[in-house]
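To start, the structure under review is shown below, and the notes come after it.
We name chains A, B, ... by the order of the sequence lines, and we start the count at 1 in each one.
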Amino acid sequence: MHCTRTDLNSYTFTPVLTACAALLDPKRGHQVHALMIKLGVDCEIVAKTALIDLYSKYGQLGDSVSAFYEMRYRDVVAWNAILSSYLRHGLPRKALELFADMRKERVEFSEFTLCSALKACASSRACQQGKQIHAVVIVMGRDLVVLSTALINFYSHLGQIDAAMKIYRTLSCRTDDVMFNTLISGCFRNKRYDAALSIMSLIRPNAVALTSALSACSENSDIWIGKQIHGVVIRQGFTHDTQLSNAVLDMYAKCGKIREASLVFDRIARKDVVSWTSMIDAYGVHGYGAEAIDLFKRMEGKENNDVLPNSVSFLAVLSACARSGLVEQGRKYFYMFQEKYGLVPAPEHYACFIDILGRAGQIEEAWSLFPGMVDKNIKPSPAVWAAVVNACRINLDVERGEFAAKCLIQLEPNNPGNYVALSNFFAAIGRWDSVDALRSIMKRRGIMKGEGGSWVTMHKFGDKIQHEHSGTASFGNLQEV
DNA sequence: TTAGGGTTAG
């Protein structure tokens, strides 16, 4: 058409943009956009909306947002597209701000809008706002399968599984696999195993349901259920599914079964970046720093078909070095990831590297990283300041420690963990008056440190009790001991 | 002609 006709307009290009977005080939999409500009057909509302979606799917949030703000007039579809764009980039708070702007501009919502808003509420844990949207759904009288699914997902993520089940029970619309998968994932997430398994029995086992079941078992360190799900994965012939196998691997790793995790890893035929990173991290968490590094070298080697490490792999390798005290290796990889793979360290990478250096007494080198952060326009996060405070505690660096402590509390005054780090620092330098002062501040602000705990799972086979698994819990995270 | 719900690694 481009070669033979001269009457191309916005409506010709929008489906082409949709195709480009589906192909995830930015070069092609950029060419098409350039042609649209050249022909002057990039300004219509549908064209701009398709561009919001295209750039969002390419991971170019800035360009997606630009397309939105370049519009003279915006309809509800354009607003919906930009909400999805922010959600796709993991910015639910920003999506909720835009949702508020929609209300200010008196744009009438559609079901699409409410779905996205509910998703934003679920991932940012905006309980009250989500319930208000539920009320809007009721008032609109829309009982649709997609909207009901979004509501079930919202309540499940908030831990209100009974509210989620009530929506399912009082449904008058049709059901489908996505809704059942949402229910299954919600029940597992909230440890309603019986309900989850009985819903699973209503549908044919599918990879998504099994993956979410396994990720909930990882989260809850529930090896007993996790093993049974793994059995279903094998019996139903899903072992070729990489994403599902990654979830099996991670379940064993999170439950402390590193050997089993490694066996699953070896059997994944088409390993992706998540497979490699999960296994590297599993070794690192269990203190097998050398094994983590060996595996990373294998990832770089010939057997790996061009799967490149990303920023999560970067962090997994660094944290493996930190846990095993591998200072030289940590330093090597901190720079190698930037030079060889062009990955820009985020604050969490800096926090990890500062931790490595601090434990090794290299406080000067840790401090010397700050100018580099300023150059790269990276703002130190609370985790960075916490790492500095810990480094100063180990190295008895009073002056810098006090400075970092001040920054940390200013930036994140409600995180109990920060007060623990500060308290340990002041105790180490003998400032018991400050330790006391911190306790009073915590009391006054109502900040409570989470309790630590430990647990053992026992199973009874006839008269015999078998010890199955044990671990410790602190701040909601479970770790094998 | 553009927008929506469920799944894996930090």
Regarding the side chain of A:Lys254, the nearest nucleotide among B:dG4, B:dA9, B:dT8 is B:dA9
Going by atom type alone, with no hydrogens or angles, which donor-acceptor pairs under 3.5 Å involve a side-chain atom of residues 124-132 of chain A and a protein atom two or more places apart or on another chain?
| unit_1 | atom_1 | unit_2 | atom_2 | d |
| --- | --- | --- | --- | --- |
| A:Ser124 | OG | A:Ala120 | O | 2.8 |
| A:Arg125 | NH1 | A:His157 | O | 3.1 |
| A:Arg125 | NH2 | A:His157 | O | 3.3 |

Hey, does A:Thr211 reach any base, or is it just sugar-phosphate, or nothing, if we go heavy atoms under 4.0 Å?
base
A:Ile52 CD1 to B:dT1 P, in whole Å, measures 19 Å
key: N/O donor-acceptor pair, side chain A:Asn310 with base B:dA9, under 3.5 angstrom   = yes
In short, salt bridge (charged side-chain N to carboxylate O under 4.0 Å, His left out) pairs touching residues 50-71 of chain A with sequence neighbours left out are A:Lys48-A:Glu70, A:Asp53-A:Lys57, A:Asp53-A:Arg88
Taking B:dA3, B:dT8, B:dT2 as options, the one with an atom nearest any side-chain atom of A:Asn80 is B:dA3
From the candidates B:dG5, B:dA3, B:dT8, the one with an atom nearest any side-chain atom of A:Asp272 is B:dT8
(message) With a 6.0 Å cut-off (strictly less than), is the heavy-atom count around NE2 of A:His240, excluding the residue itself, greater than 12?
(response) yes
Rounded to whole Å, the CD1-P distance (A:Ile82 to B:dT2) equals 18 Å
Closest to the side chain of A:Ala50, out of B:dG4, B:dG10, B:dT2, is B:dT2
Which part of the nucleic acid, if any, lies within reach of A:Lys119 when heavy atoms closer than 4.0 Å are counted: base, sugar-phosphate only, or nothing? sugar-phosphate
- [ ] Assign A:Thr277 to base, sugar-phosphate, or nothing according to its heavy-atom contacts below 4.0 angstrom with the strands shown.
- [x] base
**Under-4.0 Å salt bridge between A:Arg298 and A:Asp294** = no
>> Heavy atoms only, 4.0 Å cut-off, all strands: where does A:Val248 land among base, sugar-phosphate and nothing?
In response: nothing
Identify whether any heavy atom of A:Thr14 sits under 4.0 Å from a base atom; if not, whether one sits that close to sugar-phosphate; answer base, sugar-phosphate or nothing.
sugar-phosphate
Residues of residues 344-357 of chain A with a heavy atom under 4.0 Å from any atom of DNA chain B, listed by number, are A:Glu348
* Within 6.0 angstrom of A:Asn377 CG, more than 12 heavy atoms from elsewhere -> no
Side-chain contact check for A:Ala247: nearest option of B:dT8, B:dG10, B:dA3 is B:dT8
Q: Under 4.0 Å between any heavy atoms, over every strand shown, what does A:Met279 touch: base, sugar-phosphate, or nothing? Just pick one.
A: nothing
State yes or no: are the ring centers of A:Tyr252 and A:His230 separated by less than 6.0 Å?
-> yes
Which is true for A:Thr18 with a 4.0 Å heavy-atom rule: it touches a base, it touches only sugar-phosphate, or it touches nothing? sugar-phosphate
>> Please determine whether a side-chain nitrogen of the Lys or Arg among A:Glu300 and A:Lys297 lies less than 4.0 Å from a carboxylate oxygen of the Asp or Glu.
In response: no
Open item on the list: Over all strands shown, is A:Arg74 touching base, sugar-phosphate only, or nothing at heavy-atom distances under 4.0 angstrom?
Closed with: nothing
Of B:dG10, B:dT8, B:dA3, the nucleotide closest to the side chain of A:Asp53 is B:dA3
Of the listed B:dG4, B:dG5, B:dT2, the closest approach to the A:Met179 side chain comes from B:dG5
